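Everything quoted here is computed from the prediction, not taken from an experiment. Counting convention: from 1, in listed order, for ligands and their atoms alike.
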Amino acid sequence: MDLNINKTSPVLSDPTTPVSKSRLGSSFPSGRFMMNSRKKIPKLDDVRSNGWLDAMISSSPPRKRLVKDFNIEIAPEDDFALRAWMLKYPSAISSFAHIAAQAKDKKIAVFLDYDGTLSPIVDDPDRAIMSDAMRAAVKDVAKYFPTAIISGRSRDKVYQLVGLTELYYAGSHGMDIMTPANLNGSPEDPNCIKSTNQQGEEVNLFQPAKEFIPIIEEVYNSLVEITKCIKGAKVENHKFCASVHYRNVDEKDWPLVAQRVHDHLKKYPRLRLTHGRKVLEVRPVIEWNKGKAVEFLLESLGLSNNDEFLPIFIGDDRTDEDAFKVLREGNRGFGILVSSVPKESNAFYSLRDPSEVKKFLKTLVKWEKMENSTSSF
Ligand SMILES: O=P(O)(O)OC[C@H]1O[C@H](O[C@H]2O[C@H](CO)[C@@H](O)[C@H](O)[C@H]2O)[C@H](O)[C@@H](O)[C@@H]1O
C-alpha cells in the first residue's frame, strides 16, 4: 500500500530501516517459511542471521532469572555482574541525595512508562493492572510535579488503566499526545487537532502518524489472521501501531512468529518493527518515538528551559531508550531504567521493579514537601 505522504509529515521519505530491506535482508523469499502443517519446519537461517531471533530471546529477562531476582537464589557470577552493573547505573533510591542536588532550584517533570514500570509484567496484557498503592503514589507525584505517562499502548487504553485525570497522556509510543487546549506554547503544527477529553474539556491532540490509522487497522487484522494458528500469539491494535505478543508462545515457535510477521511486513515498506519485552511492535516509519514525545511535551507544557526544569523519565523497555537518550544527549535530565538484570542503557540510574518505582515516587514527594516547608521559612 502506498501512502500519500504530505510535505509537512515527519514520515521518512527514504526509510532507513524498512522491514523489507536493511536489517531484515531483501532477499528473503516470500512464504518460504510460512507455517503449513504439511510442510517441514523451515531452517529459518534468515531470521537468525538478521538478528530477529536474538532480539526476541533477549527481549525480557528469562523467568528463571526473575525468580533469582526475588532473592530466592542468586548465582555468584550473576550477583557479581549485577553489582558491577549497579555501579554504572546506581539505584535511584540510594542515590536520591545526588538526584536532589541536581534538582536544587529546578522544577522536576516526571515522565513514566506504563508496562513494567507502573504495573508488573504479566502474561496477559489485559491483566496488567496497576495497584491502588501505585495509583496513589502517581496521583501524589502529579500534585507536586508536571507528570506524564508515555506508553506503547493506545492512549485510551493507558488512560483506562491508570485512570488519573491529573496527568498528561501519550499513547502509541508518543504518536498520540493529549495536552490541555489552553496551554501557552502549544506549537502550531498541522498534526495538532482540537478535541475534547473524557471530561468534556477542550484539548489538543498531537498525532503525527494519523495518516497511518487505516494501514495499521489493515495490518492488525491481517496479523491476527496469520498468527491465529500459533498457540499463545496475541495481537493488539493501538491505533497508530500494533503489537504482536509472543510471551505465551512456546519458544520453539518463536521463529515462526518472527517469520510470519517478517514476511507479512514486506508488503508494507512504510511500516517498521521494533522489539519490546516479548513483543514485536509494528509502527510507522516516521521520525517519532518516546524521545520526540518527551521533547514535544516539554515544549508544549512550557518546561523546556534546562535551567528551570529537570525532566526524569522512568521506563523499562527498549522503546524507553529513545527518551533516555534525548535527556542524556541534551544534558537536560536523566532516565531511570527499571530492570532487575544488567542491561546496557542510556539511563543514568536504575530501579529494580515497579515496587521500587513506587518507593522512588514517594521519596520524590516527601523530598518536595520538605523543600517547600524549609523554603517557606
Ligand atoms: O510502553 P509501555 O507502556 O511499556 O508498553 C509496551 C508494551 O506493553 C505491553 O506489553 C508488555 O506488558 C504486558 C503486560 O505485562 C506483557 O504481557 C508483554 O509481554 C509486554 O511486552 C502492551 O501489551 C504492549 O502492547 C505495549 O506495546
Protein contact of atom 8 (O) of ligand 1 - nearest heavy atom, named by residue and atom, plus distance: D115 OD2, 3.0 Å

Going by distance alone, is a donor N or O of one side chain under 3.5 Å from an acceptor N or O of the other, for R283 and T274? yes

Using a strict 4.0 Å cut-off to heavy atoms of R153, name the atoms of ligand 1 that fall inside it. 9 (C), 22 (C), 23 (O)

If hydrophobic clusters are built by linking Ile, Leu, Val, Met, Phe, Trp and Tyr wherever their side-chain heavy atoms come under 4.5 Å apart, do I312 and V338 end up in the same one? yes

Could you see which bit of S119 sits under 4.0 Å from ligand 1, with heavy atoms only: side chain, backbone, both or neither? neither

Where's the contact between D123 and ligand 1, heavy-atom distance under 4.0 Å: side chain, backbone, both or neither? backbone

Transitive ILVMFWY side-chain link F111 to L327, under 4.5 Å: yes

For A128, take its heavy atoms, then give the atoms of ligand 1 lying under 4.0 Å from any of them. 14 (C), 15 (O)

Any nitrogen or oxygen of R277 lying under 3.5 Å from a nitrogen or oxygen in ligand 1? Just yes or no. yes

So for ligand 1, is S243 a polar contact partner (N or O within less than 3.5 Å, distance only)? yes

Distance under 4.0 Å to a non-hydrogen atom of P120: what atoms of ligand 1 satisfy this? 15 (O)

Describe, in one word, how the ring planes of F296 and F206 are oriented to each other, choosing from parallel (under 30°), tilted (30 to 60°) and perpendicular (over 60°). parallel

Do you reckon M134 sits in the same ILVMFWY cluster as L167, going by side-chain contacts under 4.5 Å, direct or chained? yes

Decide whether an N or O pair under 3.5 Å exists between I121 and ligand 1. no

Can you classify the ring geometry of W367 versus F145 as parallel (below 30°), tilted (30 to 60°) or perpendicular (above 60°)? parallel

Could you walk me through whether D353 and S355 satisfy the side chain to side chain donor-acceptor pair (under 3.5 Å) test, starting with their C-alpha distance in whole Å, then the side-chain angles of each, then the deciding distance to 0.1 Å, before giving a yes or no? CA-CA 5 Å; D353 52 32; S355 74; 2.8 Å; yes

Give me the nearest non-hydrogen protein atom to atom 10 (O) of ligand 1 as residue plus atom name, then the distance to 0.1 Å. H245 CE1, 3.4 Å

Check: S243/E281 side-chain N/O donor and acceptor closer than 3.5 Å: yes

N/O separation below 3.5 Å, T319 to ligand 1: no

Test side-chain hydrogen bond (donor to acceptor under 3.5 Å, both in side chains), reference D176, set K210, Q207, H238, output is Q207

Are L351 and F348 connected into the same hydrophobic cluster when the rule is that any two of I, L, V, M, F, W, Y join if their side-chain heavy atoms are below 4.5 Å apart? yes

Please say whether S151 places an N or O atom under 3.5 Å from an N or O atom belonging to ligand 1. yes

Sub-4.0 Å atoms of ligand 1 with respect to non-hydrogen atoms of R247: 16 (C), 17 (O), 18 (C), 19 (O)

Which atoms of ligand 1 have any heavy atom of V279 under 4.0 Å away? 21 (O)

Check contact between K290 and ligand 1, using heavy atoms of the residue and a distance below 4.0 angstrom. yes

Among all protein heavy atoms in this structure, tell me which lies nearest to atom 2 (P) of ligand 1, with the distance rounded to 0.1 Å. D113 OD1, 2.8 Å

My understanding is that only one of K267, H264, E217 makes a side-chain hydrogen bond (donor to acceptor under 3.5 Å, both in side chains) with S222; could you say which? H264

Report the nearest protein non-hydrogen atom to atom 23 (O) of ligand 1: residue, atom name, distance rounded to 0.1 Å. E236 OE1, 2.7 Å

Sub-4.0 Å heavy-atom approach of G315 to ligand 1: no

Kindly confirm or rule out an N or O of V122 lying under 3.5 angstrom from an N or O of ligand 1. yes

Starting from atom 6 (C) of ligand 1, which protein heavy atom do you reach first, and at what distance in Å? D317 OD2, 3.9 Å

Looking only at the aromatic ring of each residue, does the gap between the centers of W288 and F240 stay below 6.0 angstrom? no

For K234 and R247, what are the C-alpha separation, side-chain angles and deciding distance, and is it a side chain to side chain contact (heavy atoms under 4.5 Å, CB included)? CA-CA 9 Å; K234 181 181 171 89; R247 179 170 296 278; over 6 Å; no

Nearest to atom 26 (C) of ligand 1, what protein heavy atom do you find, and at what distance? E281 OE2, 4.1 Å

